[in-house]
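Before any comments, here is the structure.
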Amino acid sequence: DTAELKELLSEAKSKGDGIVKSIKSKDFDEEEIIASLEDLETLKMEFENKMSELTGEEEERPWERGPKQFEPFNDLSKLKEFIPQKPQAPEQTQPAELETQPVQ
């Protein structure tokens, strides 16, 4: 029976729309927004719990997967794509007249 899920989803959408409307008005109480966000989080948790109950599946948490869930990152050449590089200064050369000539 998905009626409860639909009701929770509708309530969450309504609560979210109310939060957005309050913030856009720019005349809002921060404590009220925080309380509304906490209510929205509670609705989200209720939705997830009901979904798990109906499907018989629970969301697997990262810490429940064990230590082998991530692959080690060994290829540092790909890392250069994400790190900004400083432009290299051109090599400085002295003008020909300033170059030292061997003493004879």
Side-chain angles (χ1 to χ4, degrees):
D1 184 28
T2 60
E4 244 184 285
L5 286 175
K6 289 178 183 177
E7 184 180 319
L8 286 169
L9 185 58
S10 174
E11 194 176 339
K13 284 181 180 181
S14 173
K15 179 67 81 173
D17 290 342
I19 293 169
V20 169
K21 189 176 182 179
S22 294
I23 291 173
K24 284 184 176 182
S25 74
K26 296 183 182 177
D27 184 30
F28 59 87
D29 179 26
E30 290 179 25
E31 295 297 321
E32 185 179 311
I33 297 295
I34 291 171
S36 295
L37 287 170
E38 289 172 351
D39 291 344
L40 190 60
E41 177 66 22
T42 301
L43 287 170
K44 175 187 170 275
M45 289 171 48
E46 287 178 30
F47 184 87
E48 288 175 345
N49 290 339
K50 187 64 179 173
M51 184 72 124
S52 294
E53 182 182 312
L54 291 174
T55 61
E57 297 176 11
E58 286 191 36
E59 181 182 346
E60 190 175 41
R61 310 284 190 245
W63 54 87
E64 294 171 341
R65 294 182 197 147
K68 300 274 183 184
Q69 62 181 321
F70 300 109
E71 295 289 326
F73 186 75
N74 296 325
D75 189 5
L76 296 180
S77 65
K78 292 181 181 178
L79 188 60
K80 291 180 182 180
E81 294 175 28
F82 302 105
I83 299 175
Q85 301 292 318
K86 292 182 181 178
Q88 301 237 347
E91 290 184 33
Q92 295 182 356
T93 58
Q94 294 181 349
E97 61 271 1
L98 293 179
E99 290 182 13
T100 57
Q101 299 294 326
V103 180
Q104 294 184 6

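Predicted model only: the values in this text are computed from it and were never measured.
- For T55, the side chain to side chain contact (heavy atoms under 4.5 Å, CB included) partners at least two apart in sequence or on another chain are M51, E57.
- Separating the CG atom in D39 from the NZ atom in K15 is a distance of 4.0 Å, to the nearest 0.5 Å.
- No donor-acceptor pair under 3.5 Å is formed between the side chain of S14 and the backbone N or O of S10.
- Between I19 and S36, the closest heavy-atom pair is CG1-CB, 3.6 Å.
- Atom OG1 in T2 sits 8.0 Å away from atom CG in L54 (nearest 0.5 Å).
- Listed by chain and number, the residues in a side chain to side chain donor-acceptor pair (under 3.5 Å) with E53 are K50 (sequence neighbours excluded).
- Applying the side chain to side chain contact (heavy atoms under 4.5 Å, CB included) criterion to E41, with sequence neighbours excluded, gives K44, M45.
- Every residue was checked against the side chain to side chain donor-acceptor pair (under 3.5 Å) condition with K13, not counting sequence neighbours, and none meets it.
- Here the NZ-CZ distance, from K6 to F47, works out to 11.0 Å after rounding to the nearest 0.5 Å.
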Review item, side-chain donor-acceptor pairs of residues 27-34, under 3.5 Å, at least two apart:
none

